[in-house]
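Take a look at the structure set out below.
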Amino acid sequence: MANGTIAFDTLSTSGQISGTAKSVDTDYLAYGSAKSWINFNGTGTIAARDSFNSASLTDHGTSDYTHTITTAMSNANFSAHATGDVGTVGDFAVACTYDSTRARTTTTISIRIGTTGGASADTDVASITINGDSA
């Protein structure tokens with residue numbers, strides 16, 4: 001059996017979605033949705049709670065993580081957003097998606113998480129979202 005191509009401008013449903021939205025423009029699917037995301041526990045033995053297009057997660061030490069995605073981005077200039085919760089009353093996590101000790105690649109992003117006071121801190125709840133063009 002030969003493989004082929006399906007081309008369409010709008011993806012529609014038979015009515016399984018509640019509400020009024022029953023179609024979505026394919027440009028939104030290609031350009032407007034996250035290309036990868038991960039929600040993980042960053043304390044102790046780190047573990048993903050849920051993810052999309054995620055190959056692995058590496059713990060380099062306190063508050064220092066690398067997320068590797070499965071399908072590469074077209075270049076390393078993609079947008080990445082990271083968040084975390086250090087669980088301290090009156091404080092919140094500050095996430096940095098640029099780590100000068102590790103180069104960003106088309107398949108990896110390294111982040112560091114710390115408190116608003118600047119101290120590194122592991123976090124119970126962390127997430128990373130990547131937007132941009134897939135390769």
Side-chain angles (χ1 to χ4, degrees):
M1 179 196 290
N3 291 329
T5 301
I6 298 174
F8 53 91
D9 294 322
T10 302
L11 180 63
S12 297
T13 180
S14 61
Q16 301 298 320
I17 299 172
S18 61
T20 59
K22 302 225 184 216
S23 66
V24 63
D25 190 294
T26 55
D27 281 346
Y28 178 79
L29 294 175
Y31 303 111
S33 56
K35 300 308 183 284
S36 177
W37 59 264
I38 187 167
N39 175 303
F40 64 97
N41 176 355
T43 61
T45 302
I46 63 171
R49 289 187 183 87
D50 201 359
S51 65
F52 170 72
N53 191 25
S54 175
S56 66
L57 185 63
T58 305
D59 186 352
H60 300 288
T62 302
S63 79
D64 186 3
Y65 314 100
T66 297
H67 176 223
T68 302
I69 63 175
T70 305
T71 302
M73 301 301 287
S74 62
N75 59 57
N77 297 320
F78 55 84
S79 172
H81 178 78
T83 61
D85 179 0
V86 294
T88 304
V89 176
D91 205 351
F92 58 91
V94 176
C96 175
T97 59
Y98 175 73
D99 182 343
S100 61
T101 64
R102 290 185 192 84
R104 180 189 288 208
T105 71
T106 59
T107 57
T108 63
I109 181 71
S110 293
I111 68 162
R112 292 181 181 269
I113 296 178
T115 66
T116 54
S120 294
D122 281 343
T123 177
D124 292 335
V125 179
S127 63
I128 303 168
T129 304
I130 296 173
N131 292 287
D133 296 330
S134 297

Item to check | Nearest-0.5 Å distance that lies between atom CD1 in I38 and atom CG in N53 | outcome: 10.5 Å
Next on the checklist: Between T106 and A76 (side chain of the first, backbone of the second, donor and acceptor by atom type, cut-off under 3.5 Å), is there such a pair?
Outcome noted: no
Item to check | SB check D133 K35 (cutoff 4.0 Å) | outcome: no
Next on the checklist: Is a donor from one side chain sitting under 3.5 angstrom from an acceptor on the other, for T68 and T107?
Outcome noted: no
Checklist entry - Nearest 0.5 Å, what's the OG-CD1 distance between S36 and I69? => result 5.0 Å
Checklist entry - Roughly how far, to the nearest 0.5 Å, is OG1 of T105 from CE of M73? => result 11.0 Å
Next on the checklist: Nearest 0.5 Å, please: how far is OG in S33 from CG in N131?
Outcome noted: 8.0 Å
Checklist entry - Does the side chain of H81 come within less than 4.5 Å of I128's, by heavy atoms? => result no
Checklist outcome for this item: When rounded to the nearest 0.5 Å, the distance separating OG1 of T123 from CD1 of I46 is 12.0 Å
Next on the checklist: Is the shortest side-chain heavy-atom distance between R49 and N41 below 4.5 Å?
Outcome noted: yes
Checklist outcome for this item: For F52 and A34, the nearest pair of non-hydrogen atoms, with its separation, is CE2-O, 3.9 Å
Item to check | Connected via hydrophobic side-chain network under 4.5 Å: W37 and I109 | outcome: no
Checklist outcome for this item: Closest non-hydrogen atoms of A80 and R104, given as atom of the first, atom of the second and distance, are CB-NH2, 4.3 Å
Item to check | Worked verdict on T71 versus S134 for side chain to side chain donor-acceptor pair (under 3.5 Å) | outcome: CA-CA 7 Å; T71 302; S134 297; over 6 Å; no
Checklist entry - Side chains of T66 and S110: donor-acceptor distance under 3.5 Å anywhere? => result yes
Next on the checklist: With side chain to side chain contact (heavy atoms under 4.5 Å, CB included) as the criterion, how do R112 and T62 come out once you've worked through the C-alpha distance, each side chain's angles and the decisive distance to 0.1 Å?
Outcome noted: CA-CA 8 Å; R112 292 181 181 269; T62 302; over 6 Å; no
Next on the checklist: As a quick check of understanding, evaluate side chain to side chain donor-acceptor pair (under 3.5 Å) for T108 and H67, giving each step before the final call.
Outcome noted: CA-CA 6 Å; T108 63; H67 176 223; over 6 Å; no
Checklist outcome for this item: Taking every heavy atom of T83 against every heavy atom of S127, the minimum-distance pair comes out as OG1-OG, 2.7 Å
Next on the checklist: Give me the atom names and distance for the closest heavy-atom approach of F40 to A48.
Outcome noted: CB-CA, 3.8 Å
Checklist entry - Which heavy atom of N77 sits nearest a heavy atom of N75, and at what distance? => result N-OD1, 2.7 Å
Checklist entry - Counting distance only, does the side-chain N/O of S63 pair as donor-acceptor with the main-chain N or O of I113 below 3.5 Å? => result yes
Item to check | Minimum heavy-atom distance D59-G44, with the two atoms named | outcome: OD2-O, 4.0 Å
Checklist entry - Under a 4.5 Å cut-off applied to non-hydrogen side-chain atoms, are Y65 and D122 in contact? => result yes
